[in-house]
Amino acid sequence: MDLGVDFLGHSIKNPLMNASGCWCDNKDLLDDLLQSEAGTFVTKSATSEYREGNPKPRYIEVPLGSINSMGLPNLGIDFYLNYSLEFQNNHPDDINFLSIAGMCMEDNLSMVKKIEQSEFKGITELNLSCPNVPGKPQIGYDFEATERILEEVFSLTKKKIGVKLPPYFDFAHFDAVSEILNKFPLSYVNCINSLGNGLYIEDDTVSIRPKDGFGGIGGAYVKPTALANVRAFYLRLNQDIAIIGCGGVESGKDMYEHILCGAHLVQVGTQLMKEGPQVFARILQEFNELVKSKGYESLKDLRGALKSM
Ligand code: RRO
């Protein structure tokens, strides 16, 4: 099957990519993604300046996934914007995603302005859901703050903007958030970030150092929640807002299920960290075999085609 996707007018060779924060913090890791079979890539969420992040250990793999409290370690917006501009010059037919997660409104707006004034032709992902910066609640759980930041951002830019959302667990929240998002010329939503503030215990002890062990959960634990969020937003958002599915993607079957629920693109996080960038070739091969065996002829036929009982 041809796995090419038309994403907001850009052609992408296949729908699989990394999740922000995974294998994308620095030049070497980003270069690895370029060499891999991923269709595109997103950079680590950037702040205005370099950040060291939280004390280590701050990421561990556990049998059903991962727990992290990285605390936004990153090289600063200038690095990721310059990397993206260079990528764009070398690959004029391709696009990438540039993730930003300001420490406050001004921080976000100054990064949006910087991107607006640059030659960046890709898509900016506004991360509204980092669970790990001590003292900073996740914006996506504060609906007024979410609307306020989108108003400000869209008053500053005509470039393409998507948002990374936290997981929601209630139909009233799916409805309320969709109503806000539908007011804006948003390019896409990305469902989901890690499940915030879980706790993983081993030998009576927390397993990561920051925040008394509380951290974002990823991997197999989160797949049903991720699929539910993809589906809930697919059914509620305006047709011109695309969906990126993220959460629990370990196999071609997981990728298939995200697309079945409505995802245009699918991201790999925990499994990329476990397996390295060769994960993309494996998942794409498994996905190809599965869609063939199910008789689908195009990705368009599969997207959103989840059946009711
Ligand atoms: O850096 C992190 O701690 C982090 C971020 Br910005 C995010 O969006 N999600 C996550 O699980 N960790």
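Indexing begins at 1, ligand by ligand and atom by atom, following the structure's order.
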Nearest non-hydrogen contact with atom 2 (C) of ligand 1 belongs to which option: Leu72, Asn74, Asn127, Ile192? Leu72
Can you tell whether the side chains of [X] and [Y] come within less than 4.0 Å, N to carboxylate O?
X	Y	result
Asp94	Lys13	no
Arg282	Glu286	yes
Arg148	Glu152	no

What orientation do Phe184 and Phe154 show, parallel under 30°, tilted 30 to 60°, or perpendicular over 60°?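 Parallel: the ring planes of Phe184 and Phe154 meet at under 30°.
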[atom] - nearest protein heavy atom and its distance:
atom	result
atom 9 (N) of ligand 1	Asn193 OD1, 2.8 Å
atom 5 (C) of ligand 1	Cys130 SG, 3.5 Å
atom 11 (O) of ligand 1	Ser194 OG, 2.7 Å
atom 12 (N) of ligand 1	Asn68 OD1, 3.0 Å

Rounded to the nearest 0.5 Å, the CG atom of Leu165 sits from the CD1 atom of Ile139 at a distance of 11.5 Å
Rounded to the nearest 0.5 Å, what's the gap from CD on Glu116 to CG on Leu109? Could you check? 12.5 Å
Can you find an N or O of [X] that's nearer than 3.5 Å to an N or O of ligand 1?
X	answer
Lys44	yes
Pro131	no
Met70	yes

Heavy-atom contacts with Asn132 under 4.0 Å: which atoms of ligand 1 show up? List them by number with element. 2 (C), 3 (O), 4 (C), 10 (C), 11 (O), 12 (N)
Is Gly21 in contact with ligand 1, taking contact as a heavy-atom separation below 4.0 Å?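 Heavy atoms of Gly21 never come under 4.0 Å of ligand 1.
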When you look at Asn127 and Ser129, which way does the side chain to side chain donor-acceptor pair (under 3.5 Å) test go after all the steps? CA-CA 6 Å; Asn127 184 350; Ser129 45; 3.1 Å; yes
